[in-house]
Amino acid sequence: SNQLSGSIPAELGNLTNLTNLELFSNQLDGSIPAELGNLIHLSYLSLSRNQLSGVLPSQLGNLTNIETLRLNFNQLSGNILPEFGDLHNLQDLSLSGNQFTGNIPSELGGLSHLMILYLDSNQLSGSIPPELGNLTNLRYLGLSSNQLSGSIPSELSNLIYLDHLGLSSNQLTGNIPSELGKLTNLRFLFLSSNQLSGGIPSELGNLSDLEELDLSVNQISSNIPPELSHLSHLRLLHLYSNQLSGSIPPELGDLSALEQLWLPWNSLSGSIPPEIGNLSNLESLSLFFNELSGEIPPELGNLSHLTSLALDDNQLTGHIPDQLGNLTELSWLNLASNHLDGEVPASLANLVNLVAPDDYRGQGLTLDYNGLTVPADYPNAANPLHTFLSQKNPDWHLRQAFEVPLGPEGGDLTSLDEKIEINVPSSTLDAESTFNFTPQATPSHSTGEFQFLKNSFHMIILDGESNPITT
């Protein structure tokens with residue numbers, strides 16, 4: 001980087017004995033001179049991180065001794081040259097971060113010495129050529145952030161030395177090939193933000209060196225295979241925004257290296273496995289927007305490195321475990337929109353690192369929309385827990401479910417935030433009844449053309465035997 005500007009001189013093409021040309025990280029603009037194709041002894045060409053534009057000159061296909069060709073992070077356009085398939089000594093082809101269009105040339109599959117192929121962050125379309133499966137020396141394949149369609153070729157399973165496979169942010173469809181389980185040297189597998197369907201192949205559990213697995217934002221269904229617990233080096237597991245169902249396998253508690261477990265926006269059911277509390281390196285646990293039930297396992301209090309715990313928008317019941325107060329590294333704790341009851345444990349006042357409501361990162365503590373007990377003297381300035389809650393989650397006490405007994409004489413029911421008042425006229429009820437009032441963050445049904453005024457609620461009336469009154 002020398003802050004060079006202007007265009008690349010065509011006269012450089014006269015340096016026919018040149019073997020290395022490095023002009024990366026400058027402010028060069030204009031097109032790549034066709035004359036560079038005269039540098040037949042060139043083994044290394046890097047023009048990356050400039051402002052180069054225009055199409056690739058076909059003469060670059062004459063550089064038959066080239067081993068490294070890096071043109072990434074420019075503004076180059078047009079098609080990727082099929083002539084690159086003739087550069088049989090090429091080991092590194094990096095074209096990412098440009099504006100290339102068209103298909104990936106199948107001719108690239110003939111580059112038997114290629115170890116690095118980065119084509120991500122372009123506008124490439126069409127399918128992934130199965131011929132790429134011939135690149136048996138490939139270590140890094142990056143095709144993310146394009147417009148690629150079709151299925152993932154099973155031939156990619158031939159790339160047995162592959163360390164990094166990035167296909168995220170495309171329009172890929174079909175199943176994840178079970179053959180990818182043969183890539184036992186793989187450390188990073190990124191397939192997120194596509195339209196992949198079917199289940200997660202249990203064969204992915206064979207990727208014993210895998211460190212990061214991201215299958216998020218697809219249409220993947222069925223269960224989470226317990227075989228993923230074999231990935232002993234896994235640090236990141238992102239399966240969010242799919243159509244996964246069934247329970248969370250307790251075997252995931254064996255992933256001792258795991259730092260991020262993100263499973264939200266699925267249809268997972270059953271209870272949270274207490275074995276998750278064995279993940280001693282876990283920093284972020286996100287399970288929100290599922291159908292999880294049962295109580296919050298007190299074992300989660302063992303996750304001493306946890307900075308984010310999001311369990312909101314499930315069907316969790318019971319009390320908040322005292323042990324959550326052990327998570328002193330927490331910046332975010334979201335338990336909202338469940339069916340939790342009982343008192344807020346005093347131990348939560350230990351969570352002094354929770355982000356304040358006025359922080360740009362968002363509110364750190366959210367207990368709203370449960371059935372938690374609001375103390376009669378809340379907020380009491382002499383009570384440390386009350387002070388903590390009023391600072392971290394100021395309106396939690398106004399958004400809890402409650403019940404009111406009313407008899408034949410009728411009476412009034414007022415929400416805790418005093419925004420909703422319901423009058424029950426006398427003689428409406430035949431006997432003593434209990435009104436269960438549950439505020440909702442969002443309506444449970446469509447509001448159509450009407451604007452939501454942030455005061456949705458669900459109410460059920462029970463008779464003396466706790467049966468719903470329907471008429």
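Considering every non-hydrogen atom in both W396 and T373, the closest pair reads CH2-O, 3.7 Å. When every heavy atom of L416 is checked against every heavy atom of H397, the shortest pair comes out as CD1-O, 3.3 Å. For P298 against P321, the heavy-atom pair with the smallest separation is CA-CB, 4.0 Å. The minimum heavy-atom distance between L183 and S157, with the atom names listed, is CD2-O, 3.6 Å. Taking each heavy atom of T136 and Y161 in turn, the nearest pair found is O-CD1, 3.1 Å. Among all heavy-atom pairs drawn from L279 and L255, the shortest one is CD2-O, 3.2 Å.
Looking at heavy atoms from C-beta onward, L172 lies out of side-chain contact with L191 at the 4.5 angstrom threshold. Two residues are said to be in side-chain contact when any heavy atoms from C-beta on lie closer than 4.5 Å; L135 and L141 fail this criterion. Residues L165 and L186 meet the side-chain proximity criterion, which asks for heavy atoms closer than 4.5 Å. Considering only heavy atoms from C-beta on, L196 comes within 4.5 Å of I152 through its side chain. Side-chain contact between L119 and I80 is present, with heavy atoms from C-beta onward closer than 4.5 Å. The shortest side-chain heavy-atom distance between P105 and F84 does not fall under the 4.5 Å cut-off. Between L333 and L354 there is a side-chain heavy-atom pair separated by less than 4.5 Å.
Aromatic ring pairs are classed by plane angle as parallel below 30°, tilted from 30° to 60° and perpendicular above 60°; the pair F289 and W265 is parallel.
Judged by distance alone, with hydrogens and angles left aside, the side-chain atoms of T101 form no donor-acceptor pair with the main-chain N or O of Q99 at under 3.5 Å. With hydrogens and angles disregarded, no donor-acceptor distance shorter than 3.5 Å links the side chain of N380 to the backbone of Y378. A donor-acceptor contact shorter than 3.5 Å links the side chain of N290 to the backbone of L268. Judged by distance alone, with hydrogens and angles left aside, the side-chain atoms of N383 form a donor-acceptor pair with the main-chain N or O of L385 at under 3.5 Å. Side-chain atoms of H238 never come within 3.5 Å of backbone atoms of L263 as a donor-acceptor pair (strictly under, hydrogens ignored). Formation of a donor-acceptor pair under 3.5 Å by the N242 side chain with backbone atoms of N266 is not found in this model. Checked by atom type and distance alone, the side chain of N370 pairs as donor or acceptor with a backbone atom of L340 at under 3.5 Å. Between the side chain of N218 and the backbone N or O of L215, at least one donor-acceptor pair lies under 3.5 Å. When atom types are taken as modelled, the side chain of D463 and the backbone of P468 share no donor-acceptor pair closer than 3.5 angstrom. For N122 (side chain) and L124 (main-chain N/O), no donor-acceptor pair under 3.5 Å exists by modelled atom type.
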Worked verdict on Q440 versus S456 for side-chain hydrogen bond (donor to acceptor under 3.5 Å, both in side chains): CA-CA 5 Å; Q440 296 175 312; S456 181; 2.8 Å; yes
side-chain hydrogen bond (donor to acceptor under 3.5 Å, both in side chains) between T366 and D368, intermediate numbers included: CA-CA 6 Å; T366 312; D368 308 33; 5.4 Å; no
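To the nearest 0.5 Å, atoms CG (L324) and OG (S347) are separated by 7.0 Å. The distance from atom CG of L327 to atom OG of S308, rounded to the nearest 0.5 Å, is 11.0 Å. To the nearest 0.5 Å, atom CG of residue L95 and atom CG of residue L117 are 7.5 Å apart. Atom CD1 in I460 sits 9.5 Å away from atom CD1 in I469 (nearest 0.5 Å). Atom CD1 of residue I461 and atom CE of residue M459 lie 5.0 Å apart, to the nearest 0.5 angstrom. The line from CG of L348 to CG of L365 is 7.0 Å long, rounded to the nearest 0.5 Å.
Taking the ring axis of F24 as reference, the NZ or CZ atom of R49 does not stay both within 45° of it and closer than 6.0 Å to the ring centre.
A salt bridge between E212 and R235 is present, with a side-chain N of the basic residue lying under 4.0 Å from a carboxylate O of the acidic one. A salt bridge does not link D209 to R187: none of the charged nitrogens lies less than 4.0 Å from a carboxylate oxygen. Of the charged side-chain nitrogens involved, at least one lies within less than 4.0 Å of a carboxylate oxygen, so that R70 and D92 count as a salt-bridged pair.
For D430, the CG atom counts as loosely surrounded, since its 6.0 Å shell holds 12 or fewer non-hydrogen atoms of other residues, nucleotides or ligands. Residue Q171 places its CD atom among more than 12 non-hydrogen atoms of other residues, nucleotides or ligands, all under 6.0 Å distant. Applying the 6.0 Å contact sphere to NE2 of H233 captures no more than 12 heavy atoms from other residues, nucleotides or ligands.
There is no side-chain donor-acceptor pair under 3.5 Å between N146 and N170. Side-chain contact check for H305 and N281: no donor-acceptor pair (N or O, by modelled atom type) lies under 3.5 Å.
Under the side chain to side chain donor-acceptor pair (under 3.5 Å) criterion, S284 pairs with W262, sequence neighbours left out.
Checked against L189 for a side chain to side chain contact (heavy atoms under 4.5 Å, CB included), the options I176, L204, L167 give a single hit: L204.
Aromatic ring centres of H458 and F437 lie farther apart than the 6.0 Å criterion allows.
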